[in-house]
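Naming convention: chains lettered A, B, ... in sequence-line order (proteins, then strands); numbering from 1 in each chain.
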Amino acid sequence: MRQKVKEAVGAAIETMLLSAGGEKSPPPAVSVEVPPEEKFGDFSTNAAMVSAKIFKKSPLKLAEELASALRADPLFESVAVAPPGFINLVVKKSEWTDEFRGIPDDNSEYGKLPAREGEKVLVEFVSANPTGPLHIGHGRGAAVGDAIARLLKKAGYDVAAEYYTNDTGLQMENLGRSTLVRYKQRFGQDVPFPENGYQGEYINDIAKRVADVHGDKFLHSAEADALPFFSSFTGEVILDDIKADLDRFRVRFDVWTSERAFHASGAVEGALNSLLAAGMIYENEGALWLKSKELADDEKDRVVKRTSGATTYLAADIAYHADKYKRGFTKIIDVWGADHHGYVARMKAAVKALGRDPDSLQPILIQIVSLKKDGQIVAMSTRSGKFTTLKEVLDEVGVDAARFTFLTRSHDAQLEFDLDLTKRQTSDNPVYYVQYAHARISNIFVQHQNAGNTSRGIPDWTLCNEDEVSLMKKCLAFPDLVEDSAKGLAPHMLTHYLVELANMFHKYYHASRVITPDAALTATRLALVARVRTVVKNGLELLGVSAPEKM
RNA sequence: GCGCCCGUAGCUCAGCUGGAUAGAGCACCGGAUUUCUAAUCCGUAGGUCGUGGGUUCGAGUCCCGCCGGGCGCACCA
């Protein structure tokens, strides 16, 4: 509906431009939005205010002229002008009910926007190093990344979700050494634990598995011989756990990429060489540097190959992003932890060096999650083994509550996750509020069937009262929410919308009975709530939250 | 010291790319169910949008200074 109104307003402006004698400036950025209060109408537009300069008229006068043009449009019931120049539009009730009828009773496709030709989006997220279990911060990134991928798909983009594994390098060595030492300690050897080793209990478990399968086979071999096995074995075990956690969290990836593979295939060397040839990388003091300062106004140039000859993490990431573009993606979204924000400039520089538009790379920084437990903030660090794992959180509060909570906040606001509250809150948590709306509607149909009805009857939309039309309007905004939250990469907008919709429904449920003695009225209301349920269900689906029939 | 994010009700947070009288949940207090699930609904109360300037028809939103909190500033990842 918003789209229809937009077109009507756009057409009115265009007509005025023509009659005013000309294609002057391009049409300004006119916005059509749902006003803050119902008394201002269904939609309002700032058209007159933003184009007052072009027409060289006062906003109020221009608004009057546009309004009289819009009054001729059969779409509108009424058109009003309010100072300082808003045009408030009320759409005919029959237009609303006609469009509302078009929402399927029960169809997961509703809200899907037309496919966008030539747009291929890659969303890379989580991408946690396989050095330890996922913690709550990863959980937030997972929920947000997954919801963004779902939203973009719904908004018509061709989307792939991807996880990049840093399965090589110093940290992996460090990880392998940690397991190796634990392994030796199991056999009674007095070996000191590495200073920067991973101290988590899970390392012990993995050491035990090695001992169970291989006995003391590695006890006397040199560290250099044993380490590769311990590194890759530990990494694999942990990655399997990560995959299991993500699966339980309803996060799916289309592709798993491996840093090691980029090294093995020569892609890293290849990328460096071509950038060297292009003059984007230079040598200094025995190392290779990316001109990130010049390319993206980074604080300084960044090393991609050390004097030791070893490449840096950035080098692999350059090769990785070159690969992303080669695979035909036109938009690349990287979901990172906020502690990586210093990485944005150099990555943009890398993209530019590769000859791509830096704006096509869009890093999303997920702010810190602080966990509150027993009224206290819990500090977290993977290496020290002190953290609350995603698994623990899911065990306590459940997948639905965890996902919903993560998706209630904007990704760039810090989030305090109060474990006790979220757990205890089972009756008041917004997630249950929304789910309850779905369950309530479902139960209405159970009741209707229990009464011996086999058909829902034929709705008569002229019977709808004001509350019902309001509910319809809210439902019909769903595609707009898909569009807006996809465009803004902001799933929390959808979350808040669902709470509002659930609120409207609960109010309606309390005020009006759906099943009544009047057959036509019942049929109409059944048709209404069936569509409300479709929207709630589809909305929750985009957040990755279940829509139960019963609660 | 430099850079990024944040500062909105007692608490946790929305406020959609500048729009009309700043919202929701929790907590507190008071009410509502003979009828489709009370995990619900209705009502009261709660604010100098950290602070001081600036930009314009109009600022919680944009710009600058300051205060406070978080995160970064590697030939680590």
Side-chain angles (χ1 to χ4, degrees), chain A residues 29 31 33-37 39-40 44 46 49-50 52 58-60 82-86 88 129 131 166 169-172 174 196 259 285-289 298-300 302-308 310-314 316-317 337-345 365 367-368 370 372 405 408-418 421 425-433 435-437 439-448 450-451 480-481 483-485 487-488 490 492-493 495-497 499-500 502-503 505-516 522 525 529 550-551:
Chain A
S31 78
E33 54 191 34
V34 178
E37 287 187 56
K39 69 177 180 192
F40 295 130
S44 73
N46 61 356
M49 289 182 281
V50 294
S58 81
L60 216 51
F86 287 105
N88 294 328
N129 293 0
T131 53
N166 304 118
L170 290 176
Q171 291 311 319
M172 289 305 291
N174 190 8
N196 291 321
E259 180 184 0
E285 296 173 355
L288 292 181
W289 303 71
D298 199 359
E299 289 169 37
K300 52 177 285 194
R302 305 290 173 176
V303 170
V304 290
K305 192 174 203 173
R306 291 172 252 169
T307 45
S308 68
T311 52
T312 62
Y313 178 82
L314 177 60
D317 233 356
D339 54 340
H340 282 60
H341 69 76
Y343 208 71
V344 172
L365 300 174
Q367 288 294 329
I368 305 290
S370 57
K372 204 173 185 182
T405 301
T408 317
R409 271 72 167 188
S410 162
H411 64 79
D412 60 3
Q414 293 174 26
L415 164 61
E416 184 175 295
F417 196 104
D418 189 326
L421 194 69
Q425 233 179 13
T426 51
S427 55
D428 306 310
N429 197 310
V431 65
Y432 300 111
Y433 185 80
Q435 286 183 321
Y436 187 49
R440 265 187 156 172
I441 296 171
S442 298
N443 192 60
I444 292 171
F445 287 105
V446 171
Q447 294 298 325
H448 185 247
N450 286 351
D480 302 332
L481 260 295
E483 167 142 33
D484 291 346
S485 49
K487 196 178 284 177
H492 73 281
M493 287 172 61
T495 310
H496 285 274
Y497 164 80
V499 173
E500 287 167 15
N503 175 247
F505 168 73
H506 286 309
K507 273 183 197 174
Y508 174 71
Y509 180 91
H510 190 261
S512 312
R513 282 191 63 80
V514 173
I515 298 171
T516 67
T522 301
R525 291 183 170 172
V529 298
K550 276 186 186 177
M551 287 177 73

>> Whether A/Asn503 contacts B/C41 is assessed here as follows: a side-chain N or O lying under 4.0 Å from the phosphate OP1 or OP2. Is that the case?
In response: yes
>> Taking any heavy-atom pair under 4.0 Å as a contact, classify A/Ala413: base, sugar-phosphate, or nothing.
In response: sugar-phosphate
>> Does A/Asp484 reach a base, just sugar-phosphate, or nothing at all? Heavy atoms under 4.0 Å.
In response: base
>> Looking at every non-hydrogen atom in both residues, tell me the closest pair between A/Tyr433 and A/His506 and how far apart they are.
In response: O-NE2, 3.1 Å
> Rounded to the Å, how far apart are A/Leu415 CG and B/G69 C1'?
Replying inline: 16 Å
>> In whole Å, measure the gap between the P atoms of B/G30 and B/U21 for me.
In response: 35 Å
> With a 4.5 Å heavy-atom cut-off, do A/Arg525 and A/Tyr508 have their side chains touching?
Replying inline: yes
> How far, in whole Å, is B/G50 from B/U8 if one measures between their P atoms?
Replying inline: 6 Å
>> Please classify the nucleic acid contact of A/Glu285 as base, sugar-phosphate, or nothing, using heavy-atom distances under 4.0 Å.
In response: base
>> Taking the P atom in each of B/U40 and B/A22, what is the distance between them to the nearest angstrom?
In response: 28 Å
> Does B/C66 have a Watson-Crick or wobble mate here (both distances under 3.5 Å), and if so which one?
Replying inline: B/G50
> With a 4.0 Å cut-off on heavy atoms, is A/Gln414 in touch with a base, just the backbone sugar-phosphate, or nothing at all?
Replying inline: base
> Which value, in whole Å, describes the distance between the C1' atoms of nucleotides B/G25 and B/C66?
Replying inline: 34 Å
>> From C-beta outward on A/Asp339, which listed nucleotide comes closest to its side chain: B/A20, B/G72, B/U17?
In response: B/G72
> Which heavy-atom pair separates A/Thr312 from A/Lys305 by the least distance, and what is that distance?
Replying inline: CG2-N, 4.5 Å
> Can you find a donor-acceptor N/O pair under 3.5 angstrom joining the side chain of A/His506 to the base of B/C41?
Replying inline: no
> Considering only B/U12, B/A14, B/A38, which nucleotide approaches the side chain of A/Glu416 most closely?
Replying inline: B/U12
> Applying a 3.5 Å limit to both distances, which nucleotide forms a Watson-Crick or G-U wobble pair with B/U34?
Replying inline: none
> For the side chain of A/His492, counting heavy atoms from C-beta on, which of B/C36, B/G15, B/A20 is nearest?
Replying inline: B/G15
>> On RNA chain B, does the nearest nucleotide to A/Val499 precede the nearest nucleotide to A/Ala287 from the 5' side, or the other way round? Give the residue.
In response: A/Val499
> What integer distance in Å separates A/Phe40:CZ from B/U21:C1'?
Replying inline: 8 Å
>> Regarding B/A77, can its base be found pairing with the side chain of A/Asn174 as donor and acceptor, where the two atoms are less than 3.5 Å apart?
In response: no
>> Both distances below 3.5 Å, Watson-Crick or wobble geometry, any strand: find the nucleotide opposite B/C2.
In response: B/G72
> Under the 3.5 angstrom rule, does the side chain of A/Asn174 hit a backbone N or O of A/Asn196 as a donor-acceptor pair?
Replying inline: yes
> Does B/U56 pair with anything, Watson-Crick or G-U wobble, both distances under 3.5 Å, and if so, with which nucleotide?
Replying inline: none
> Is any N or O donor-acceptor pair between the side chain of A/His340 and the base of B/G72 shorter than 3.5 Å?
Replying inline: no
> Out of curiosity, A/His492 NE2 to A/His411 NE2, how far, rounded to the nearest 0.5 Å?
Replying inline: 8.0 Å
>> Counting only side-chain heavy atoms from C-beta out, which of B/C75, B/A14, B/C73 sits nearest to A/Thr307?
In response: B/C75
> CD of A/Glu299 versus C1' of B/G72: gap in Å, rounded?
Replying inline: 9 Å
>> Rounded to whole Å, please give me the gap between CG in A/Leu481 and C1' in B/G15.
In response: 13 Å
> Does A/Arg306 place a side-chain N or O at less than 4.0 Å from the phosphate oxygens OP1/OP2 of B/C76?
Replying inline: yes
> Under 4.0 Å between a side-chain N or O of A/Lys300 and OP1 or OP2 of B/C75?
Replying inline: yes
> What's the closest nucleotide to the A/Arg513 side chain, out of B/C75, B/C36, B/C5?
Replying inline: B/C36
> Going by 5.5 Å between centroids and 30° between planes, is there a stack of A/Phe86 over B/G19?
Replying inline: no
> How far does the C1' atom of B/C13 sit from the matching atom of B/G72, given to the nearest Å?
Replying inline: 25 Å
> So, do A/Thr405 and A/Val431 sit near enough that their side-chain heavy atoms are less than 4.5 Å apart?
Replying inline: no
>> Within this structure, what is the OH-CZ distance for the pair A/Tyr313 and A/Arg302, rounded to the nearest 0.5 Å?
In response: 14.5 Å
> Got a donor-acceptor pair under 3.5 Å from the side chain of A/Thr312 to the base of B/A77?
Replying inline: no
>> Once you measure the plane-to-plane angle for A/Tyr343 and A/His340, does it fall in the parallel (<30°), tilted (30-60°) or perpendicular (>60°) bin?
In response: perpendicular
> Quick one: A/Tyr313 OH to B/A74 C1', roughly how many Å, whole number?
Replying inline: 15 Å
>> Please give the distance between the P atoms of B/G15 and B/G7 as a whole number of Å.
In response: 10 Å
> Considering only side-chain heavy atoms of A/Pro430, which listed nucleotide, B/A20, B/G25, B/A38, is closest?
Replying inline: B/G25
> Nearest to the side chain of A/Lys507 - B/C75, B/A39, B/C42?
Replying inline: B/C42
> Side chain of A/Trp289: nearest nucleotide among B/C75, B/C71, B/A20?
Replying inline: B/C75
>> Check this for me: does the side-chain of A/Ser308 come within 3.5 Å of the base of B/C75 through a donor and an acceptor?
In response: no
>> By the 4.0 Å heavy-atom rule, please label A/Ala345 as base, sugar-phosphate, or nothing.
In response: nothing
> Atom OH of A/Tyr497 and atom P of B/G25: how far apart are they, to the nearest Å?
Replying inline: 18 Å
> With a non-hydrogen cut-off below 4.0 angstrom, is A/Ser44 in contact with a base, only sugar-phosphate, or nothing?
Replying inline: base
>> Tell me the closest heavy-atom pair linking A/Met493 and A/Ser485, and the distance in Å.
In response: CB-CB, 4.0 Å
> Quick one: which of B/C36, B/A20, B/A77 gets closest to the side chain of A/Gln171?
Replying inline: B/A77
> Is there a side-chain contact between A/Val529 and A/Phe505 (heavy atoms, below 4.5 Å)?
Replying inline: yes
>> Taking B/C16 as the reference, what is the distance to B/G60 when you measure between their P atoms (whole Å, please)?
In response: 12 Å
> How do A/Asn88 and A/Thr408 order along RNA chain B: which one's closest nucleotide is nearer the 5' end?
Replying inline: A/Thr408
> Taking CZ from A/Phe505 and P from B/A38, how many angstroms apart are they, rounded to a whole number?
Replying inline: 11 Å
> If you measure from the C1' atom in B/G52 to the same atom in B/C57, how many Å do you get, rounded?
Replying inline: 24 Å
>> How many whole angstroms separate atom CE of A/Met493 from atom C1' of B/U61?
In response: 14 Å
>> Given B/A20, B/A38, B/G19, identify the nucleotide with an atom nearest to the side chain of A/Tyr509.
In response: B/A38
> Using purine N1 to pyrimidine N3 plus N6-O4 or O6-N4 for Watson-Crick, or N1-O2 and O6-N3 for G-U wobble, both under 3.5 Å, which nucleotide pairs with B/C26?
Replying inline: B/G10
>> Using a 4.0 Å heavy-atom cut-off, does A/Ser512 contact any base of the nucleic acid, only the sugar-phosphate backbone, or nothing at all?
In response: base
